[in-house]
Amino acid sequence: MSDCIFCKIVQGEIPCAKIYENDQVLAFDDIHPMAPVHVIIIPKKHISTLLDVSDADNEVIVDLVSAARKIAKIKGIAEKGFRTVINCNAEGGQVVFHLHMHVLGGRKLQDELG
Ligand code: 5GP
Ligand code: ZN
């Protein structure tokens with residue numbers, strides 16, 4: 001998707017503070033963190049929303065969750081606790097229409113994404 005911010009990050013056209021990467025996903029610090037740890041995990045393949053994950057693509061959700069576990073350990077928040085969030089469509093708070101999972105932690109979380 002030529003006009004997608006997160007596709008541009010995957011392609012290296014927009015810089016990011018990379019935290020983790022494998023063949024399927026890329027994870028980077030959120031540009032406007034809502035907690036001491038706020039990482040965004042994206043599939044490298046463009047999928048607009050959670051609703052657009054096809055049965056053939058279901059593995060992408062496993063890849064995001066697997067990356068979230070790694071990131072929690074990399075960031076040192078695994079034991080204290082953290083939150084994963086996928087916003088979907090306007091009322092779900094989705095602003096960037098490239099599927100992504102937020103990983104939030106580093107303090108006691110309230111309703112930051114609500
Ligand atoms: P959403 O509201 O769509 O679930 O979350 C999108 C997230 O992407 C927001 O937390 C926002 O701060 C983050 N974001 C938007 N543009 C950029 C960017 O260019 N770089 C980075 N690192 N994060 C971004
Ligand atoms: Zn995209």
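Just follow the structure's listing: the first ligand is 1, and inside any ligand the first atom is 1. None of these values were measured; they are calculated from a predicted model.
Heavy-atom proximity to Ile5, at under 4.0 Å, picks out these atoms of ligand 1: 19 (O). Residue Phe6 approaches ligand 1 through these ligand atoms, each under 4.0 Å from one of its heavy atoms: 8 (O). Atoms of ligand 1 found under 4.0 Å from any heavy atom of Asn87, numbered from 1 in the order shown, are 1 (P), 2 (O), 4 (O). Proximity to Phe28 (heavy-atom distance under 4.0 Å) selects the following atoms of ligand 1: 21 (C), 22 (N). Residue contact check: Gln94 has heavy atoms under 4.0 Å from atoms 3 (O) of ligand 1. In the vicinity of His32, heavy-atom distances shorter than 4.0 Å reach the ligand 1 atoms 12 (O).
For atom 5 (O) of ligand 1, the closest non-hydrogen atom on the protein side is His100 NE2, 3.1 Å. Ranking the protein heavy atoms by distance from atom 15 (C) of ligand 1 puts Val96 CG2, 4.0 Å first. The closest protein non-hydrogen atom to atom 17 (C) of ligand 1 is Ile31 CG2, 3.8 Å. At the top of the distance list for atom 2 (O) of ligand 1, counting protein heavy atoms only, stands Gly93 O, 2.8 Å. Of the protein's heavy atoms, Asp29 O, 2.9 Å lies nearest to atom 22 (N) of ligand 1.
A chain of hydrophobic side-chain contacts below 4.5 Å, direct or via other Ile, Leu, Val, Met, Phe, Trp or Tyr residues, connects Ile71 to Val65. By the criterion of side-chain heavy atoms lying less than 4.5 angstrom apart, applied directly or through intervening Ile, Leu, Val, Met, Phe, Trp or Tyr residues, Val25 is grouped together with Ile47 in one hydrophobic cluster. At a threshold of 4.5 Å between side-chain heavy atoms, the hydrophobic network of Ile, Leu, Val, Met, Phe, Trp and Tyr places Ile42 and Ile31 in two separate groups. Using a 4.5 Å cut-off between side-chain heavy atoms of Ile, Leu, Val, Met, Phe, Trp and Tyr, with links allowed through other members, Ile9 and Ile19 fall into different hydrophobic clusters.
Judged by distance alone, the side chain of Glu91 and the main-chain N or O of Gly93 form no donor-acceptor pair under 3.5 Å.
His98 contributes atom ND1 as its closest N/O/S atom to the Zn ion (ligand 2). Taking the N/O/S atoms of His46 in turn, the shortest distance to the Zn ion (ligand 2) belongs to ND1.
The two residues Ala35 and Arg107 come nearest to each other via the heavy atoms CA-NE, 4.0 Å. Of all heavy-atom pairs spanning Ile40 and Asp30, the tightest one is CD1-OD2, 3.2 Å. Scanning all heavy atoms of the two residues, the minimum distance from Leu109 to Leu104 falls at CD1-O, 3.6 Å.
Residue Asp30 has at least one nitrogen or oxygen atom sitting less than 3.5 Å from a nitrogen or oxygen atom of ligand 1, judged on distance alone. Residue Val95 has at least one nitrogen or oxygen atom sitting less than 3.5 Å from a nitrogen or oxygen atom of ligand 1, judged on distance alone. Residue-to-ligand polar distances keep Ile40 apart from ligand 1: every N/O pair is separated by 3.5 Å or more.
In this structure, Asp52 and Leu99 have side chains that are not in contact, with every pair of non-hydrogen atoms separated by 4.5 Å or more.
Only the side chain of His102 comes within 4.0 Å of ligand 1, judged by heavy-atom distances. Contacts between Phe97 and ligand 1 below 4.0 angstrom, taking non-hydrogen atoms only, are absent altogether.
The CD atom of Gln11 lies 8.5 Å from the SG atom of Cys4; values are rounded to the nearest 0.5 Å.
Side-chain contact annotation: Asp63 with Ser66, donor-acceptor N/O pair under 3.5 Å absent.
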